[in-house]
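Okay, structure first, notes after.
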Amino acid sequence: QVQLVESGGGLVQPGGSLRLSCLASGGTLRSSAVAWFRQSPGKEREYVAGFSRTGGYTYYADSVKGRFTVSRDNAKNTVYLQMNSLKPEDTAVYYCAAGQGVITSSLRIGAAYASWGQGTQVTVSS
């Protein structure tokens with residue numbers, strides 16, 4: 001089972017940008033569906049963006065379309081989440097998740113993913 005470590009979170013002003021990284025070890029992300037989720041206090045975990053296992057599908061939550069971009073660097077075994085035009089409502093702990101057995105219809109379902117990182121805090125505030 002692959003281990004995941006997120007980094008890149010922090011405090012940013014509204015309208016600013018951050019790039020989150022998800023580094024995998026103990027396995028390759030090349031053969032896995034990978035997703036970013038987020039959770040803020042008092043709210044349920046929310047799917048943000050991700051790839052299908054083959055990379056043929058890329059999905060974004062409506063709330064981040066046009067502002068966030070997910071990408072991967074197979075050579076570095078890393079997935080990124082570029083976040084632009086950040087809003088206060090983007091404040092949350094962001095988690096990276098991966099799974100080899102995730103089917104396309106389950107890409108937005110957290111329970112479908114076998115591996116999770118520890119999360120990185122993103123705070124958008126002036």
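Quick note: residue numbers are just sequence positions, from 1.
If you take OG1 on Thr54 and CZ on Arg30, they are separated by 13.5 Å, rounding to the nearest 0.5 Å. The structure places OG of Ser21 at 10.0 Å from CD of Glu6, a figure rounded to the nearest 0.5 Å. A distance of 8.5 Å separates CZ of Phe68 from CG of Asn84, quoted to the nearest 0.5 Å. Within the model, atoms CZ of Arg19 and OG1 of Thr69 stand 11.5 Å from one another, a figure rounded to the nearest 0.5 Å.
When side chains are defined from C-beta on, Tyr80 does not count as touching Arg72, because their heavy atoms never get closer than 4.5 Å. Under the 4.5 Å side-chain criterion, counting only non-hydrogen atoms from C-beta, Pro88 is in contact with Pro14. Looking at Tyr59 and Thr104, their side chains come closer than 4.5 Å, going by heavy atoms from C-beta outward. Within the 4.5 Å cutoff, no side-chain heavy atoms of Cys22 are placed close to those of Val5. The side-chain heavy atoms of Thr91 and Val122, taken from C-beta on, include no pair separated by under 4.5 Å. Inter-residue side-chain proximity for Leu4 and Leu29 is flagged as met; some heavy-atom pair is nearer than 4.5 Å.
Nearest heavy atom pair, residue Ser85 against residue Ser17, reads N-OG, 4.3 Å. Between Ser52 and Gly56 the shortest heavy-atom distance is OG-N, 3.2 Å. When all heavy atoms are compared, the tightest approach of Gly8 to Leu18 is O-CD2, 3.8 Å. Considering all non-hydrogen atoms of both residues, Gln39 and Ala92 come closest at O-CB, 3.5 Å.
Cluster annotation: Val2 and Val34 are assigned to the same hydrophobic cluster (Ile/Leu/Val/Met/Phe/Trp/Tyr, side-chain heavy-atom contacts under 4.5 Å, transitive). Under the 4.5 Å side-chain heavy-atom criterion for ILVMFWY residues, no single connected hydrophobic cluster contains both Leu107 and Val48.
Among pairs with a residue in residues 5-43, those fulfilling ring-ring contact (aromatic ring centres under 6.0 Å, His included) read Phe37-Tyr47, Phe37-Tyr113, Phe37-Trp116, at least two apart in sequence or across chains.
Crowding of Glu89 atom CD: a count of heavy atoms from other residues, nucleotides or ligands under 6.0 Å exceeding 12.
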Please set out all donor-acceptor pairs under 3.5 angstrom arising from side-chain atoms of residues 93-102, sequence neighbours excluded.
| unit_1 | atom_1 | unit_2 | atom_2 | d |
| --- | --- | --- | --- | --- |
| Tyr94 | OH | Arg38 | NH1 | 2.9 |
| Tyr94 | OH | Asp90 | O | 2.6 |
| Gln100 | NE2 | Ser31 | OG | 3.1 |

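Between the side chain of Thr78 and the backbone N or O of Lys76, at least one donor-acceptor pair lies under 3.5 Å.
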